[in-house]
Number of protein chains: 2
Amino acid sequence: MISGKFAITIHILTLLTKFPDEYLSSEFIAGSINLHPVLVRKEIANLKKNSIVESKEGKNGGTKLLKSAAKISLDTIFRMTFDTVSFGFSKNEPNPNCPVGKQINKNLENLYGKINEKISLQLSSISLEDFSNQF
Amino acid sequence: MISGKFAITIHILTLLTKFPDEYLSSEFIAGSINLHPVLVRKEIANLKKNSIVESKEGKNGGTKLLKSAAKISLDTIFRMTFDTVSFGFSKNEPNPNCPVGKQINKNLENLYGKINEKISLQLSSISLEDFSNQF
DNA sequence: AAAACTGTAACATTTTTTATTACTTAATAA
DNA sequence: TTATTAAGTAATAAAAAATGTTACAGTTTT
């Protein structure tokens with residue numbers, strides 16, 4: 001399962017794309033997603049860390065895109081919303097005394113790596129603008 | 001994140017591939033994965049439902065492959081270990097009064113569908129035999 | 001009949017995700 | 001210059017999901 005973070009982040013960015021000249025508040029965005037504003041701000045913090053958006057504090061503050069939606073690839077968002085590999089496994093400590101158990105994680109990671117490459121390739125051909133134009 | 005079920009199921013199948021003529025017990029398999037035998041049996045139930053393995057109850061019972069590992073594609077396992085879409089989202093109920101909120105799920109599902117196709121395509125070229133030969 | 005298995009339901013625990021509260025800092029407008 | 005509105009963030013709580021355990025019925029072999 002893809003983390004909800006990806007969906008939330010895409011949602012935030014779609015809204016920002018629709019209002020490229022305005023600072024949107026986390027409360028307004030949270031209202032569209034139906035989510036707590038603090039969670040929105042957390043995802044925005046992540047977007048800021050990756051130089052995709054900028055925020056303004058204080059009255060009439062909010063968040064807006066730092067670059068045009070055409071220049072933001074969904075692949076960037078995909079990679080951003082997962083700390084490690086996205087298509088991977090959590091914890092898994094097989095028996096090191098078993099020939100299969102000893103190697104399974106290495107082989108699975110290799111497989112997941114290939115899958116993630118395919119996902120990235122697919123997403124890199126889609127810009128935030130493309131996605132937003134569907135609305 | 002891929003569900004641990006995929007990893008567990010691949011692990012089970014790799015063991016069965018290594019001992020194609022024996023009925024392996026859930027306890028033996030659980031020892032290699034380092035998992036509770038009941039969870040192994042639950043995944044085996046899923047494999048049985050998909051006609052990939054057969055089990056024998058009673059003394060000296062266990063599980064074995066129903067067909068050759070060369071004829072089992074990892075894509076089949078991928079699809080099997082996810083009830084719905086794998087690369088998808090859990091719950092998400094955006095605001096239906098917002099033009100973006102109203103459509104986001106449809107558009108995300110469409111995107112996830114494309115991604116899942118790519119994953120399937122990638123995995124359909126890998127057989128269980130290929131994977132097991134790495135060990 | 002005893003032993004060694006699978007099958008499954010019910011329940012418990014742990015982990016992860018999501019939500020909330022509370023408070024600090026910053027910018028704007030009155 | 002003060003009130004207001006908004007971001008930033010840490011700490012905590014609640015809910016959901018994943019994982020683990022127990023218990024026991026049904027099967028097959030010895």
Side-chain angles (χ1 to χ4, degrees), chain A residues 1-9 11-12 15-16 19 22-31 33-50 52-66 81-84 86 88-95, chain B residues 1-9 11-12 15-16 19 22-31 33-50 52-64 66 81-86 88-95:
Chain A
M1 298 272 191
I2 198 176
S3 120
K5 288 185 181 185
F6 180 78
I8 291 167
T9 302
H11 196 142
I12 293 169
L15 289 169
L16 295 179
F19 303 93
E22 294 176 43
Y23 284 95
L24 301 185
S25 77
S26 62
E27 191 148 356
F28 172 81
I29 295 170
I33 306 181
N34 195 18
L35 200 74
H36 201 281
V38 170
L39 296 181
V40 172
R41 294 207 284 270
K42 276 183 187 162
E43 293 316 314
I44 284 173
N46 199 13
L47 285 164
K48 283 174 65 178
K49 208 167 65 193
N50 288 275
I52 293 168
V53 305
E54 61 169 332
S55 291
K56 203 172 72 173
E57 293 188 28
K59 195 165 183 181
N60 298 334
T63 302
K64 70 194 277 288
L65 290 181
L66 253 183
T81 49
F82 301 98
D83 323 307
T84 58
S86 49
F89 48 87
S90 20
K91 66 160 182 244
N92 190 18
E93 296 180 38
N95 186 345
Chain B
M1 296 272 190
I2 196 175
S3 122
K5 288 186 183 186
F6 181 77
I8 291 166
T9 302
H11 196 142
I12 293 169
L15 289 169
L16 296 179
F19 303 95
E22 292 175 44
Y23 285 95
L24 301 184
S25 76
S26 63
E27 191 146 359
F28 173 81
I29 294 170
I33 306 181
N34 194 18
L35 200 73
H36 202 282
V38 170
L39 296 182
V40 172
R41 294 207 283 271
K42 276 181 189 166
E43 293 316 313
I44 285 174
N46 200 13
L47 285 165
K48 284 173 64 179
K49 208 167 63 191
N50 288 274
I52 293 168
V53 305
E54 62 170 332
S55 290
K56 201 172 74 175
E57 292 187 28
K59 196 168 183 178
N60 299 335
T63 302
K64 70 193 277 288
L66 254 183
T81 49
F82 301 97
D83 324 307
T84 58
V85 275
S86 49
F89 49 87
S90 20
K91 64 155 187 250
N92 190 16
E93 295 181 39
N95 186 345

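Chain A is the first sequence line, chain B the second, and so forth, proteins listed ahead of strands; every chain is numbered from 1. Since we're looking at a predicted model, the values are computed, not measured.
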task = Give a yes/no answer on whether the side chain of A:Arg41 brings an N or O atom under 4.0 Å of OP1 or OP2 in D:dG8.
result = no
Sidechain-backbone polar pair: A:Asn95 side chain, B:Gly31 backbone, donor-acceptor under 3.5 Å = yes
Atom pair distance, as rounded to whole Å: NE2 in A:His36 and C1' in D:dG8 = 14 Å
key: Nearest-angstrom distance from the residue atom NZ of B:Lys64 to P of C:dT6   = 15 Å
inquiry  = Taking atom CD as the centre, does A:Glu54 end up with more than 12 heavy-atom neighbours from other residues, nucleotides or ligands that are less than 6.0 angstrom away?
reply    = yes
request  = Specify the residue among B:Lys42 and A:Gly58 whose closest nucleotide of DNA chain D lies further upstream toward the 5′ end.
outcome  = A:Gly58
query = Would you say A:Asn34's side chain and B:Glu93's backbone share a donor-acceptor pair under 3.5 angstrom?
reply = yes
message = In whole Å, I'd like the distance from the NZ atom of A:Lys59 to the P atom of D:dA7.
response = 14 Å
task = Mind calculating the distance between CG (A:Asn46) and C1' (D:dT9) to the nearest angstrom?
result = 15 Å
inquiry  = Within the 4.0 Å heavy-atom criterion, would you say B:Ser26 contacts the bases, only the backbone, or no part of the nucleic acid?
reply    = sugar-phosphate
request  = Could you say whether A:Glu57 or A:Leu39 is positioned toward the 5' end of DNA chain C, judged by the nucleotide with the nearest heavy atom to each?
outcome  = A:Leu39
inquiry  = Looking at A:Lys48, I'd like to know whether one of its side-chain N or O atoms comes within less than 4.0 Å of OP1 or OP2 on D:dA7.
reply    = no
query = Between B:Thr9 and B:Asn46, does a side chain to side chain contact (heavy atoms under 4.5 Å, CB included) hold up when you go through it step by step?
reply = CA-CA 9 Å; B:Thr9 302; B:Asn46 200 13; 5.7 Å; no
ask   = Whole Å only: how far is the NZ atom of B:Lys56 from the P atom of C:dT6?
value = 11 Å
task = Output yes when at least one side-chain N/O atom of A:Asn60 is less than 4.0 Å from OP1 or OP2 of D:dA6, else no.
result = no
Rounded distance in Å - CD1 (A:Ile33) to P (C:dT18) = 12 Å
Rounded distance (nearest 0.5 Å) linking atom CZ of A:Arg41 with atom NE2 of A:His36 = 8.0 Å
Distance in angstrom units between A:Glu43 CD and D:dA7 P, rounded = 15 Å
note = Whole-Å distance, B:Glu22 CD to C:dT6 P, equals 14 Å
